[in-house]
*Asks:* 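Submitted below is the structure of interest, expressed as structure tokens.
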Amino acid sequence: MTLQQGPSPTAAGVDDPLPEPVEPGPVRHHVPPQGPGRRAVHRNRFSAVLRRNRVLLAVAAAAAVSLVAGLLLGRFVLAGADEVAVPAPGLITAPVEFGELSNDVTIRGEVAYSDSVEVRIDTSGVPGPAVVTGRVPAVGEEFTGLAVALEVAGRPVIVLPGELPAYRTLQVGVSGPDVVQFKQALRAVGLDGGNPEDDEFDARTANAVTALYDQAGYPAPAAPEGTAEGVRAAQDAVRGAEQALAAARTELDQARGGAGAVEVREADNAVSSARRELDSARAQDPVDANLVADLQDALGLAELRRQQLDAPADTSAQRAAVTSAEQQLRDARAGLATAREQALPNLPAGEVLYLADLPRRVDAVTATRGSVLEGPAMTVSGAMLQVSGSAAEADARLLAVGGEAFLDLPDGSRHRAVVTALTPGEGDSSRWTVDLAPDPLTPEQVTELRGTNLRVSLPVGATQGPVLAVPLAALSAGPGGQDRVQVVEGDPRAGDDAETRIVVVETGLAADGAVEVRPLEGALAEGDLVVVGR
């Protein structure tokens, strides 16, 4: 409520005199009004001042409170600072640890199947279109030795271990490294193709082809056209040569037999008759000299003929005939062997697929049944997972092929692996590729890990079992250069007054800020506190 007495204070200043009365009359002195009215005017003026300066007054009050607090702090705290005792700093310690210590190279590794390759089938030897007629593998299927990878135009493509691609048909008479590989592959799958050190494809190797196709469930490749007729002709030639040889040998035997008993007796009789006639002529008187001479000649001829029957017969012609017949038989038999070899099974290049590091896993299949095979038929990779990552050159040079590694699996467990290859970076790259082969995984782990990225730890140094270890900061050098640590016996909070002792140590492997120590002078045990700072 506002009380007014006379004109508003806002119209006339608070110090203006009150107006004089205008009414004439006796002279009077003006007396300012007293009592409640005057006090109300002052209250109104004070309230207006407060309303106009409320913020200013609040700031002033806060400043006053701060001033008082500062004075009190300076009086009772800072003024006595020289009289308050500040505690001396204690020793910074760390416990001696006991356990295995290792120094690791840590990388990230991508998990995938190893050595992915595209499979192409040689269809140049297929008569007509190379239509896929069956045996199309499914993704995820594994190929082992003797597996049928695909069926093209009714013929199988048999999987064998090897690195050299098939590039020609193998048949009797050819030789080379591909023959050696085929013999080695046969031996690897339990078949006998002959000596694998011999690079010639012989009849024994050809016979093994039949066994190979028997294992695959298909007939061996058919012999080339005309080879059956060639075998029959060679067989006829052999029979003719055998008959000719038999006849020549009969003639030779007859020639070697000499004269018969009749011929010998006839010759003996002729000699006896000639001798009697000669004796009779000599007994006549007078003796006919000419007749005696003729009979002497006849006797000599009869005796010579008898002597010839006892002499060996001349069989040179018969022997020559036999020799010729024998050579003809050998040639005929060689021709038969060649004809039979040409009729033996061969191995077309398009019916064998060599894959290294079996088993292999089918990653993708582009061939479809009923389609003409063109381009890659499928993609296969190693059946085992491989982990591949990269490391800086300095770290990679600490690693070695065959070294251990540990994979951090998604379930938090660690799984062992082995370094299989270290490949320096190409060009300006300073990072090396590190390939690892995990120890056998369960099918569930294989499914879970494929295509993931894992943390890989590769130890490059480790202690042989648990050892004592201290922080590197705990080591100090003694007067003779020996390493030592300071062990706290009392309360570390006592600082320089704490009881300590020096232990001379021999250091070992350092890793992750810690170092292996072996006490040489003094005792050191797990849990002892060593000084690492002050």
Side-chain angles (χ1 to χ4, degrees), residues 78 80-108 389-406 408 414 416 418-419 422 424-425 430-432 434 455-534:
L78 297 180
D82 294 338
E83 301 175 4
V84 177
V86 179
L91 299 175
I92 302 174
T93 62
V96 176
E97 302 287 347
F98 182 72
E100 293 186 358
L101 196 63
S102 64
N103 194 8
D104 298 344
V105 171
T106 303
I107 63 174
R108 302 295 300 185
S390 65
E393 181 179 358
D395 290 337
R397 292 189 179 279
L398 299 175
L399 308 177
V401 173
E404 272 192 330
F406 295 93
D408 291 346
R414 285 165 61 87
R416 183 179 177 275
V418 175
V419 178
L422 295 168
S430 61
R431 299 193 67 81
W432 288 36
V434 182
R455 183 177 183 271
V456 182
S457 299
L458 300 103
V460 294
T463 58
Q464 298 295 324
V467 297
L468 294 175
V470 300
L472 286 169
L475 294 177
S476 62
Q482 70 272 29
D483 291 315
R484 62 184 188 174
V485 295
Q486 186 177 9
V487 180
V488 179
E489 296 284 0
D491 187 351
R493 292 174 296 182
D496 291 338
D497 294 332
E499 182 181 354
T500 64
R501 57 187 174 86
I502 298 298
V503 177
V504 178
V505 298
E506 179 185 16
T507 60
L509 179 70
D512 297 330
V515 60
E516 174 188 1
V517 293
R518 291 179 291 277
L520 299 178
E521 298 178 10
L524 190 65
E526 179 183 9
D528 286 349
L529 296 180
V530 293
V531 177
V532 296
R534 298 178 182 275

*Asks:* Determine, stepwise, if the pair Arg414 / Asp408 fulfils side chain to side chain contact (heavy atoms under 4.5 Å, CB included).
*Replies:* CA-CA 5 Å; Arg414 285 165 61 87; Asp408 291 346; 3.5 Å; yes

*Asks:* If we ignore hydrogens and angles and just use 3.5 Å, is the side chain of Asp104 paired with the main-chain N or O of Thr106 as donor and acceptor?
*Replies:* no

*Asks:* What residues, two or more places apart in sequence or in another chain, satisfy salt bridge (charged side-chain N to carboxylate O under 4.0 Å, His left out) together with Glu100?
*Replies:* none

*Asks:* With rounding to the nearest 0.5 Å, note down the distance linking CD1 in Ile107 to CG in Asp395.
*Replies:*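 Reported to 0.5 Å precision, the distance equals 9.5 Å.
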
*Asks:* For a 4.5 angstrom cut-off between non-hydrogen side-chain atoms, does Gln482 reach Ser476?
*Replies:* no

*Asks:* Looking at Leu91 and Ala498, what are the two nearest heavy atoms and their distance?
*Replies:* CD1-CB, 4.0 Å

*Asks:* Tell me the closest heavy-atom pair linking Pro471 and Ala94, and the distance in Å.
*Replies:*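 Closest approach of Pro471 to Ala94: CG-CB, 3.7 Å.
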
*Asks:* Could you tell me whether Asp491 atom CG has more than 12 heavy atoms of other residues or ligands within 6.0 Å of it?
*Replies:* yes

*Asks:* Can you name the nearest heavy-atom pair linking Pro519 to Leu468, along with the distance?
*Replies:* CD-CD1, 4.4 Å

*Asks:* Which donor-acceptor pairs under 3.5 Å do the side chains of residues 522-534 make with protein atoms, sequence neighbours left out?
*Replies:*
{"unit_1": "Asp528", "atom_1": "OD2", "unit_2": "Ala525", "atom_2": "N", "d": "2.9"}
{"unit_1": "Arg534", "atom_1": "NH1", "unit_2": "Asp496", "atom_2": "OD1", "d": "2.9"}
{"unit_1": "Arg534", "atom_1": "NH2", "unit_2": "Gln486", "atom_2": "OE1", "d": "3.3"}

*Asks:* Without placing hydrogens or testing angles, list every side-chain donor-acceptor pair under 3.5 Å for residues 458-465, not counting sequence neighbours.
*Replies:*
{"unit_1": "Thr463", "atom_1": "OG1", "unit_2": "Leu101", "atom_2": "N", "d": "3.1"}
{"unit_1": "Thr463", "atom_1": "OG1", "unit_2": "Leu101", "atom_2": "O", "d": "3.4"}
{"unit_1": "Thr463", "atom_1": "OG1", "unit_2": "Gly465", "atom_2": "O", "d": "2.9"}

*Asks:* Enumerate, atom names and distances included, each donor-acceptor pair closer than 3.5 Å involving a side-chain atom of residues 398-406, sequence neighbours excluded.
*Replies:*
{"unit_1": "Glu404", "atom_1": "OE2", "unit_2": "Arg416", "atom_2": "NE", "d": "2.6"}

*Asks:* Taking all non-hydrogen atoms of both residues into account, name the closest pair between Pro479 and Arg484 and its distance.
*Replies:*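 Reported closest heavy-atom pair: CD-NH1, 4.0 Å.
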
*Asks:* Taking the side chain as every heavy atom from C-beta outward, state whether Val517 and Leu475 have any atom pair closer than 4.5 Å.
*Replies:*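 Side chain of Val517 against side chain of Leu475, heavy atoms only: contact under 4.5 Å found.
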
*Asks:* Tell me if a side-chain donor or acceptor on Glu516 pairs with a main-chain N or O of Leu509 at a distance below 3.5 Å.
*Replies:*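 Pair found, side chain donor or acceptor close to backbone of Leu509.
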
*Asks:* Mind checking side chain to side chain contact (heavy atoms under 4.5 Å, CB included) for Asp497 and listing every partner two or more places apart, or none if nothing turns up?
*Replies:*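 Side chain to side chain contact (heavy atoms under 4.5 Å, CB included) list for Asp497, sorted by chain: Ala494.
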
*Asks:* Applying the side chain to side chain contact (heavy atoms under 4.5 Å, CB included) criterion to Val505, which one of Val485, Val515, Leu520 satisfies it?
*Replies:*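 Looking at Val485, Val515, Leu520, the match for Val505 under the side chain to side chain contact (heavy atoms under 4.5 Å, CB included) is Val485.
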
*Asks:* Just jot down the salt bridge (charged side-chain N to carboxylate O under 4.0 Å, His left out) partners of Arg397, sequence neighbours excluded, or say none.
*Replies:* Glu393

*Asks:* So how far is it from Thr507 OG1 to Arg518 CZ, rounded to the nearest 0.5 Å?
*Replies:*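 Interatomic distance, Thr507 OG1 to Arg518 CZ, rounded to 0.5 Å: 7.5 Å.
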
*Asks:* Might you work through the side chain to side chain contact (heavy atoms under 4.5 Å, CB included) test for Arg108 and Ser390, ending with a clear yes or no?
*Replies:* CA-CA 7 Å; Arg108 302 295 300 185; Ser390 65; over 6 Å; no

